[in-house]
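Worth saying up front: this structure is predicted, and the values here are computed from it rather than measured.
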Amino acid sequence: MKMTSEATSLHPLKEAMKRVEEKLQTLETQFEELDSAMENLTQKFDFHRKSLESQAIQDEMWTAVLEIKFSSLELNIFYSYVIETLHYLHSQVLEKLPDLEKGLPTLATVLKRKNNNKQIRVVWEAVLEASGLQEEDVKVFCTFFIAHSSKAEYYSANLRQMGISDATPIITNTVKNQALQNSLLHAVHVIEKKKTTKA
């Protein structure tokens with residue numbers, strides 16, 4: 001009788017414990033769902049923040065490229081270095097991917113296809129690294145080209161030499177936007193190095 005009485009008195013306690021455990025499990029599931037939702041929101045906010053930052057940088061670059069008042073000589077010389085650097089990058093990619101030459105007629109096709117083609121992407125990254133350039137430099141070159149191609153004129157190396165013996169100090173003094181300045185300096189470095197190597 002005593003055992004039955006104890007079992008009967010413990011029954012409500014066991015039921016209560018079971019309800020508490022179920023409640024805790026429910027709460028744990030809800031916390032996991034909340035945690036997952038918070039992680040998704042954090043990722044979305046992070047992506048949005050990066051997109052805004054990228055857009056702000058791009059807007060700043062366009063402003064810098066369009067606002068600077070280059071002399072005709074400066075513009076043509078800087079433009080020529082940019083053009084030659086873009087052409088050089090394209091030729092280097094084709095040199096390493098001769099089988100894809102027909103499918104990559106321009107640098108624009110390289111830039112477009114590298115996102116979906118691992119082989120092109122690997123070669124592109126290797127070419128940039130060998131040239132001492134970054135993706136950001138290429139974005140700057142493309143921005144500069146689009147902004148000034150309608151009014152700039154291409155100057156060959158000989159014409160550039162006659163106009164300005166060294167473009168580096170002029171870029172440093174004229175271009176105050178750091179990203180634009182660095183990229184133009186990199187373009188000069190790439191082309192002058194290529195000229196020295198060829199010589």
Side-chain angles (χ1 to χ4, degrees), residues 49-96 101 104-115 120-121 123-199:
R49 179 183 57 78
K50 284 177 181 172
S51 297
L52 287 173
E53 282 175 4
S54 176
Q55 186 61 50
I57 291 166
Q58 195 63 26
D59 288 347
E60 188 183 337
M61 181 53 55
W62 274 101
T63 303
V65 167
L66 292 169
E67 277 188 350
I68 299 172
K69 301 299 177 195
F70 299 111
S71 71
S72 179
L73 180 65
E74 289 167 352
L75 177 62
N76 291 336
I77 287 174
F78 299 162
Y79 175 78
S80 301
Y81 275 113
V82 165
I83 286 291
E84 283 193 21
T85 304
L86 291 172
H87 176 74
Y88 174 71
L89 292 173
H90 183 225
S91 67
Q92 288 299 293
V93 170
L94 294 184
E95 195 176 291
K96 289 172 173 52
E101 188 171 347
L104 300 170
T106 63
L107 183 67
T109 55
V110 173
L111 296 175
K112 188 176 179 182
R113 289 189 59 193
K114 74 180 174 62
N115 296 324
I120 297 172
R121 186 169 64 251
V123 167
W124 171 251
E125 287 169 359
V127 166
L128 281 184
E129 189 177 348
S131 306
L133 297 172
Q134 305 284 332
E135 286 281 357
E136 290 307 311
D137 291 315
V138 179
K139 287 179 186 175
V140 171
F141 299 151
C142 292
T143 305
F144 192 92
F145 172 77
I146 293 165
H148 296 300
S149 59
S150 61
K151 54 185 180 290
E153 189 181 338
Y154 173 73
Y155 280 8
S156 66
N158 290 338
L159 273 174
R160 291 200 297 267
Q161 196 65 36
M162 286 166 58
I164 297 173
S165 59
D166 184 6
T168 302
I170 295 167
I171 293 170
T172 308
N173 293 328
T174 309
V175 183
K176 299 307 173 192
N177 178 278
Q178 204 60 54
L180 179 57
Q181 184 189 106
N182 288 342
S183 294
L184 288 174
L185 289 172
H186 291 162
V188 171
H189 177 74
V190 167
I191 298 309
E192 293 305 322
K193 185 182 174 185
K194 182 184 76 133
K195 202 163 66 177
T196 308
T197 306
K198 196 179 272 189

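Closest heavy-atom contact between Phe70 and Val175: CE2-CG2, 4.0 Å. Lys151 approaches Leu75 most closely through the heavy-atom pair CG-CD2, 4.3 Å. Smallest separation of non-hydrogen atoms from Val93 and Leu104: CG1-CD1, 4.4 Å. Contact between Ile170 and Glu74 at its shortest, heavy atoms only, is CG2-OE2, 3.8 Å. Considering every non-hydrogen atom in both Val140 and Ala179, the closest pair reads CG2-O, 4.4 Å. Minimum heavy-atom separation, Thr172 to Lys176: O-NZ, 3.9 Å.
Residues Tyr154 and Glu84 have side chains in contact (heavy-atom distance under 4.5 Å, counting atoms from C-beta outward). At least one side-chain heavy atom of Leu107 sits less than 4.5 Å from a side-chain heavy atom of Leu111. Within the 4.5 Å cutoff, side-chain heavy atoms of Phe141 are placed close to those of Leu133. Counting only heavy atoms from C-beta outward, the side chains of Ser149 and Ile146 never approach each other to under 4.5 Å. With contacts defined as side-chain heavy-atom distances shorter than 4.5 Å, the pair Ile191/Arg160 qualifies.
The aromatic rings of Phe145 and Tyr79 lie parallel to each other, with less than 30° between the two planes, well short of the 60° mark.
Using modelled atom types and a 3.5 Å distance limit, the side chains of Asn158 and Ser156 yield no donor-acceptor pair. Between the side chains of Trp124 and Gln92, no donor N or O sits under 3.5 Å from an acceptor N or O.
Checking side-chain atoms of Ser91 against main-chain N and O of Tyr88 turns up a donor-acceptor pair under 3.5 Å. A side-chain donor-acceptor contact under 3.5 Å links Asn76 to the backbone of Glu153. Listed for the Ser183 side chain is no donor-acceptor partner under 3.5 Å among the backbone atoms of Leu180. A donor-acceptor contact shorter than 3.5 Å is absent between the side chain of His186 and the backbone of Gln181.
Considering CD of Glu192 and OH of Tyr81, their distance stands at 3.5 Å, rounded to 0.5 Å. Taking NZ from Lys114 and OG1 from Thr109, the interatomic distance works out to 12.0 Å, rounded to the nearest 0.5 Å. Remark: Arg121 CZ to Arg113 CZ distance equals 12.5 Å, nearest 0.5 Å. To the nearest 0.5 angstrom, Thr168 atom OG1 is 6.0 Å from Leu185 atom CG. Between Ile77 atom CD1 and Ile171 atom CD1 the span is 9.5 Å, to the nearest 0.5 Å. Remark: Asn182 CG to Asp137 CG distance equals 7.5 Å, nearest 0.5 Å.
Other residues, nucleotides and ligands contribute only 12 or fewer heavy atoms inside 6.0 Å of the CD atom of Gln134.
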- Val123 and Val127: CA distance, side-chain angles, deciding distance, side-chain contact (heavy atoms from CB on, under 4.5 Å) verdict: CA-CA 6 Å; Val123 167; Val127 166; 4.2 Å; yes
